[in-house]
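Below is one structure, written out as structure tokens; comments come after it.
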Protein chains: 2
Amino acid sequence: MVNKFAIHVSLSDLDRAAVQGLPHSVRYFESGSYIARDGDLTDHCTVLLSGFAFRHKITGQGLRQILSILIPGDIINLQQLYLDAADHNVQTLTPCKIATIPQVALRTMASDRTAIADALIASTMVDASIYREWMVNIGRRDARTRLAHLLCEFAARLDVQGIAPGQPYELPMTQEQLGDAIGLTTVHVNRTLRGLIKDGLVFQNKRGITFPEWEIFMVEADFNSRYLHLRERGTPPGYSF
Amino acid sequence: MVNKFAIHVSLSDLDRAAVQGLPHSVRYFESGSYIARDGDLTDHCTVLLSGFAFRHKITGQGLRQILSILIPGDIINLQQLYLDAADHNVQTLTPCKIATIPQVALRTMASDRTAIADALIASTMVDASIYREWMVNIGRRDARTRLAHLLCEFAARLDVQGIAPGQPYELPMTQEQLGDAIGLTTVHVNRTLRGLIKDGLVFQNKRGITFPEWEIFMVEADFNSRYLHLRERGTPPGYSF
DNA sequence: TTTATTTTCTAATCCATGTTACGAACATAA
DNA sequence: TTATGTTCGTAACATGGATTAGAAAATAAA
């Protein structure tokens, strides 16, 4: 369940058992509903078990910026356990299944087990690294590269879900949401996506996306998966893609 | 020294003593030098003691995006202790004084003292929150608001350094660097800054910046300091600014 | 089915920001 | 001082992406 922690730290069997034995309840959210809102205070941690969700913030002028996409296994609101109120919203993209863990349970586990605490820190740091790459994407790449980069990231992250990078996947986002994620208008996302399709770099069938030329596409997207830190510390690099 | 940790967790006297007793060596960097480079592996943690620095990344087309500004007290490369190689560069903005702490010392302290581990997590999360706000800034605000927002953030963060928000401060960045931080051209930064000055919202004397109308300026900047999480969890909100 | 609603797609026009270019002001070093 | 290099300031022009407005297609609801 949550043992993708193991990517960054080595967990003992006891550690794994502790994580799997965490008291939790499961809840279901339908598509488009809010899991957390800007300003919320809470005393439990939630984890996304299945479905997709996204973090976002609204500016004073009512514009939305999507901050990240959550995929199964991601921790949704660890932050609120360590800081004060939430500073952004989390909303579902598809129907979602969510585990709720009481704050105390998680914190005592973290203080009892160094490996768990380390995993929490590492996971937070990977998130931060992804945020940084998004900044680069939004701030310094043109529309075409930006969109391509987002699609690549999705492909790469779904790898953990068993869909190898370059393989077709279902994109659970509308063009409007894509635009809000990369700082573009809906109209321009459409134009740009059309451009990629016309050039044979992307093939689209409803929400299904395929990349006929994955290698070339990654170059076009200025994509290098290093920032996702998918490998364990100490593992030899080995350029998987 | 590093006990701005205390903002987010309550540290016992022993905790404080432990932090202050950390083995470390001090190094000096001149302005413009690299403290860490994309790809670096390291076995020690560094903390900025005085001066300013910034994180940045370079795109495939050679464009630079500045990711954050480091001010005294900030931890520079905690990440590399928990993940693999660095995924971005850190470069000084002014001459800097830096403490280097061996990885083991820090990690044993973190695993011995829950409060310290919590402080590390909280600090990482504040960084992440700032990244998110930058994404909003870069992705969804216009040039004027964007620049104003960055100046506000600087003012607010310097508060910890003893310069109250709204008070004049020295901006340690060139217009080119400002541009790379907010995703604009040097030329446009100049235009925009000039606009703010003409409208009486900013007063500039060399690198010194003053805000004659701080309250109005914050509105113009769409700035709300909540995302900086400057207050301790549990502390009553109390709108300081 | 039919109707309602959301999402996609396209075209025409506009404008905020990028580009290029260069002189002035300031630093820093020799 | 005089050289040399940054940084700042501005003007003229180019353009990528925003805006506005709808029509077509897909999806959901009745």
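Keep in mind it's a predicted model, so treat the numbers as computed, not measured. Naming convention: chains lettered A, B, ... in sequence-line order (proteins, then strands); numbering from 1 in each chain.
- Comparing A:His188 and B:Arg194 against DNA chain D, the residue whose closest nucleotide sits nearer the 5' end is B:Arg194.
- Between the P atom of D:dA18 and the CG atom of A:Asn190 lies a distance of 13 Å, rounded to the nearest Å.
- As a whole-Å value, the separation of A:Leu171 CG from C:dT8 P is 9 Å.
- Dense packing is recorded around CD of B:Gln61, with more than 12 heavy atoms of other residues, nucleotides or ligands lying under 6.0 Å away.
- Taking the six-membered ring for Trp and the full ring otherwise, the centers of B:Phe211 and B:Phe203 sit at least 6.0 Å from each other.
- In this entry the distance linking CZ of B:Arg140 with P of D:dG17 reads 13 Å, nearest Å.
- Whole-Å rounding puts the B:Glu176 CD to C:dT19 C1' distance at 15 Å.
- Atom CD1 in B:Ile182 sits about 14 Å away from atom C1' in C:dA16, given to the nearest Å.
- Atom CG of A:Leu193 is separated from atom P of C:dT7 by 16 Å (rounded to the nearest Å).
- Using cut-offs of 30° and 60° on the angle between ring planes, the pair A:Phe154 and A:Phe52 is tilted.
- Looking at heavy-atom distances under 4.0 Å, B:Arg144 makes no contact with the nucleic acid at all.
- Within the 4.0 angstrom heavy-atom criterion, only backbone atoms of the sugar-phosphate kind lie near B:Gly183; the bases stay farther away.
- A:Lys198 has its NZ atom 12 Å from the P atom of C:dT10, to the nearest Å.
- Between B:Trp214 and B:Phe217, the ring planes lie tilted relative to each other; the angle falls in the 30° to 60° range.
- Remark: P of C:dT17 and CD1 of B:Ile138 are 14 Å apart, rounded to the nearest angstrom.
- Between D:dT19, C:dT20, D:dC8, one nucleotide has an atom nearer to the side chain of B:Arg207 than all others, and that is D:dC8.
- For B:Arg191 against C:dG18, a side-chain N or O and a base N or O form a donor-acceptor pair under 3.5 Å.
- Between A:Gln175 and B:Leu184, the residue anchored nearer the 5' end of DNA chain C, judged by the nucleotide with its closest heavy atom, is A:Gln175.
- For the residue pair B:Arg64/B:His56, the side-chain donor-acceptor check at 3.5 Å is not satisfied.
- For B:Val187, taking side-chain heavy atoms from C-beta onward, the closest of the listed nucleotides D:dA11, C:dT8, D:dT7 is D:dA11.
- Nucleotides of DNA chain C nearest to B:Asp142 and A:Gln204 differ in position, and the one nearer the 5' end is that of A:Gln204.
- Using a 4.0 Å cut-off, some side-chain N or O of B:Lys206 falls inside it from OP1 or OP2 of C:dA27.
- Base engagement by A:Thr185 is indicated by at least one non-hydrogen atom pair under 4.0 Å involving a base atom.
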